[in-house]
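Here is the naming used below: chain letters follow the sequence lines, and residue numbers restart at 1 for every chain. Computed from a prediction, not measured in an experiment: that's the story for all the values here.
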2 protein chains.
Amino acid sequence: MQNKSVSQTEENYLKVIYKLDEKAEGKISTSSISEMMGIAPASVTDMLGKLSDKKLISYKKYQGVSLTPSGRKTAVMVIRKHRLWEHFLVEKLGLSWDEVHEIAEQLEHIRSEKLFDKLDAYLKFPKFDPHGDPIPDSNGNFTNTSAIPMSSCNLNGKYLITGVADHSAEFLRYLTRTGMILGCQFTVKEKQEYDNSFLILKQGTKNELAVSNEIAKKLLVTKARD
Amino acid sequence: MQNKSVSQTEENYLKVIYKLDEKAEGKISTSSISEMMGIAPASVTDMLGKLSDKKLISYKKYQGVSLTPSGRKTAVMVIRKHRLWEHFLVEKLGLSWDEVHEIAEQLEHIRSEKLFDKLDAYLKFPKFDPHGDPIPDSNGNFTNTSAIPMSSCNLNGKYLITGVADHSAEFLRYLTRTGMILGCQFTVKEKQEYDNSFLILKQGTKNELAVSNEIAKKLLVTKARD
DNA sequence: TAATTAATTTAGACAAATCTAAAAATATGT
DNA sequence: ACATATTTTTAGATTTGTCTAAATTAATTA
């Protein structure tokens with residue numbers, strides 16, 4: 001009953017299933033996986049059979065899939081590697097947060113326990129990646145955060161930007177341009193009724209900044225003490 | 001006339017062809033590639049056809065192969081990536097020189113110009129990897145060295161260990177155990193006629209060390225000023 | 001140089017991961 | 001609840017990189 005080896009492709013499927021599970025939008029369907037991966041539904045069905053044979057997912061035809069403990073662990077370890085590399089690329093090599101995802105997609109499949117133990121230590125066991133996503137530790141445990149979407153901030157509340165819900169390069173570059181980067185503190189000055197947009201005042205600045213509801217939904221914040 | 005994309009597998013073939021070319025043992029044959037890669041000769045023939053179609057090698061049936069400029073460039077860039085990563089793994093992460101090869105074999109296929117520019121700068125543009133092999137710069141130029149095998153050292157000559165001709169983990173661990181690591185300086189005290197072994201005195205030590213011809217052939221040294 | 005041996009290539013097959021088109025199962029709407 | 005629409009699966013094909021066995025070419029040796 002050995003750990004059968006898991007291919008890169010299989011790792012990618014598990015990662016996507018994990019992410020769909022995390023979103024908790026009910027059943028994980030063949031089509032949702034197909035759509036997220038840009039792969040034909042028939043190909044997904046095929047792979048689900050293989051992952052099921054390897055006991056990485058449980059799968060009944062037409063009924064959607066779920067991760068087994070072993071499949072979940074594999075997925076979490078891929079995510080751990082991805083986020084550790086992203087941290088490295090930004091903090092050590094000085095790449096920007098909008099250009100590390102693609103590179104980390106490649107690096108996340110490197111196989112070497114020891115490498116990742118050493119990398120983790122070298123980076124001082126970071127808890128979060130450059131987008132504010134938690135980095136699971138070597139046992140697969142995540143740090144819990146109480147981040148909420150900016151769209152649910154209270155008037156006059158003081159918050160800290162701690163994450164993003166949209167990882168696209170375009171969105172990240174928009175945030176960089178407007179100075180809404182991780183760690184930035186702000187106070188909600190106004191909440192517009194008609195379009196749910198905000199006027200915020202960033203700490204250390206003078207001019208208020210308008211933030212649309214679209215943007216606010218994609219920004220994750222935590223309450224700062226006033 | 002675009003750069004067609006080169007698969008990981010193709011990169012590995014080009015790297016092996018490059019290394020066989022470097023050894024300059026005459027014609028690069030199907031069987032030498034087969035042997036070095038542990039892949040059946042028939043499979044190699046097949047791949048040579050593909051590489052030839054892509055103009056990465058020139059290949060006439062039964063006549064052996066040689067790299068085209070484009071194939072050589074690809075090979076050199078793979079070697080550059082491999083050696084940069086090895087340097088990183090040893091100097092930054094603290095892995096030992098006998099355990100980095102396998103990991104670098106995976107890392108050498110990561111695609112991102114920018115990553116390697118940044119990594120190179122981060123490592124301060126190293127000229128040599130942990131085994132003393134030269135790291136080509138971003139234009140593919142190698143630093144020239146005048147290393148010779150230790151087996152051709154002169155009696156009473158003073159030398160510096162600067163490289164290895166055998167990269168196996170076993171050999172590297174043997175060197176580590178006996179303290180014959182890169183940068184170590186020594187003087188040749190005796191040269192045995194009957195077995196071509198040496199007695200050397202390492203700088204800063206008191207006891208002479210016996211080095212068999214087998215070992216001496218696999219150690220690369222440069223003359224030190226006396 | 002002719003015969004034998006060795007190296008190389010060809011032919012045909014296979015596994016992994018994908019595709020398209022068609023069939024089957026499930027879900028939806030009046 | 002039945003007809004229709006959607007989702008999922010099956011079937012069969014394709015590409016890449018590999019294999020073994022057989023055929024062909026080149027090299028060696030008697």
Side-chain angles (χ1 to χ4, degrees), chain A residues 3-17 20-21 23 25-67 71 74-75 78 105-106 108-109 111, chain B residues 2-17 20-21 23 25-66 71 74-75 78 105-106 108-109 111:
Chain A
N3 283 332
K4 294 185 199 77
S5 87
V6 180
S7 73
Q8 272 195 208
T9 307
E10 288 168 340
E11 285 186 345
N12 284 332
Y13 275 91
L14 293 172
K15 190 180 55 166
V16 163
I17 295 168
L20 288 167
D21 186 46
K23 283 209 282 182
E25 287 171 348
K27 191 184 86 163
I28 299 166
S29 64
T30 300
S31 53
S32 60
I33 298 169
S34 159
E35 197 181 352
M36 182 161 293
M37 298 187 80
I39 280 170
S43 312
V44 174
T45 298
D46 215 79
M47 181 56 82
L48 295 183
K50 291 176 196 170
L51 294 173
S52 183
D53 291 346
K54 290 191 177 181
K55 311 255 190 281
L56 293 164
I57 61 172
S58 57
Y59 167 58
K60 292 264 158 50
K61 277 183 208 170
Y62 298 102
Q63 305 304 293
V65 298
S66 61
L67 291 167
T74 302
V78 174
E105 287 283 298
Q106 300 176 60
E108 72 189 3
H109 301 293
R111 283 155 213 285
Chain B
Q2 278 64 249
N3 284 330
K4 293 185 199 79
S5 87
V6 180
S7 73
Q8 272 194 211
T9 306
E10 289 167 341
E11 285 186 345
N12 284 333
Y13 276 91
L14 293 172
K15 190 180 54 167
V16 164
I17 294 167
L20 288 167
D21 187 44
K23 282 208 284 183
E25 288 171 348
K27 191 184 85 160
I28 298 167
S29 64
T30 299
S31 52
S32 60
I33 298 169
S34 159
E35 198 180 353
M36 181 161 293
M37 297 187 81
I39 281 171
S43 311
V44 173
T45 297
D46 215 79
M47 181 57 79
L48 294 183
K50 291 177 195 170
L51 294 173
S52 183
D53 290 346
K54 290 190 177 182
K55 310 254 192 281
L56 294 163
I57 61 173
S58 56
Y59 167 58
K60 293 262 160 50
K61 276 185 210 171
Y62 299 102
Q63 305 303 291
V65 298
S66 61
T74 303
V78 173
E105 287 284 299
Q106 300 176 59
E108 72 189 3
H109 302 293
R111 282 153 212 286

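Within the model, atoms CD1 of B:Ile28 and CD1 of B:Ile33 stand 6.5 Å from one another, a figure rounded to the nearest 0.5 Å. Separating the CD atom in B:Glu108 from the CG atom in B:Asn12 is a distance of 6.0 Å, to the nearest 0.5 Å. In this structure, the separation between NE2 on A:His109 and OG1 on A:Thr9 is 8.0 Å, given to the nearest 0.5 Å.
DNA chain C lies under 4.0 Å from at least one heavy atom of each of the following residues of residues 26-34 of chain B: B:Ser29, B:Thr30, B:Ser31. Less than 4.0 Å separates DNA chain D from at least one heavy atom of each of the following residues of residues 37-47 of chain A: A:Pro41, A:Ala42, A:Thr45.
Distance OH (B:Tyr62) to C1' (C:dT10): 8 Å, rounded to an integer number of Å. The nearest whole Å value for the distance from the NZ atom in A:Lys54 to the C1' atom in C:dA16 is 10 Å. Atoms CD (B:Glu35) and C1' (C:dT8) sit 15 Å apart, rounded to a whole Å. The NZ-C1' distance, from A:Lys61 to D:dT10, rounds to 9 Å in whole Å. What separates CG of B:Leu48 from P of D:dT16 is a distance of 16 Å, to the nearest Å. One interatomic measurement links the two molecules: OH of A:Tyr59 to C1' of D:dT7, which rounds to 11 Å at whole-angstrom precision. When rounded to the nearest whole Å, the span between CD of B:Gln63 and C1' of C:dA7 equals 12 Å. Distance A:Asp53 CG to C:dA15 C1': 14 Å, rounded to the nearest Å.
Between B:Lys60 and A:Lys50, the residue anchored nearer the 5' end of DNA chain C, judged by the nucleotide with its closest heavy atom, is B:Lys60.
Considering all non-hydrogen atoms of both residues, B:Met47 and B:Glu10 come closest at SD-CG, 3.8 Å. The two residues B:Lys54 and B:Val6 have their closest heavy-atom pair at NZ-CA, 4.4 Å. Contact between A:Val16 and A:Met37 at its shortest, heavy atoms only, is CG2-CG, 3.6 Å. Taking both residues in full, the closest heavy atoms of A:Arg111 and A:Gln8 are given as NH2-N, 3.9 Å, listed atom of the first, atom of the second, then distance. Of all the heavy atoms in A:Ala75 and A:Leu14, the pair that sits closest is CB-O, 3.7 Å.
Close to C:dT18, at under 4.0 Å from its OP1 or OP2, lies a side-chain N or O of A:Tyr13. One finds a side-chain N or O of B:Ser7 lying less than 4.0 angstrom from the OP1 or OP2 phosphate oxygen of D:dG17.
Within the 3.5 Å criterion, the main-chain N or O of A:Ile39 finds a donor-acceptor partner in the side chain of A:Ser34.
With C:dA17, D:dG17, D:dT9 as the candidates, the nucleotide lying closest to the side chain of B:Glu10 is D:dG17.
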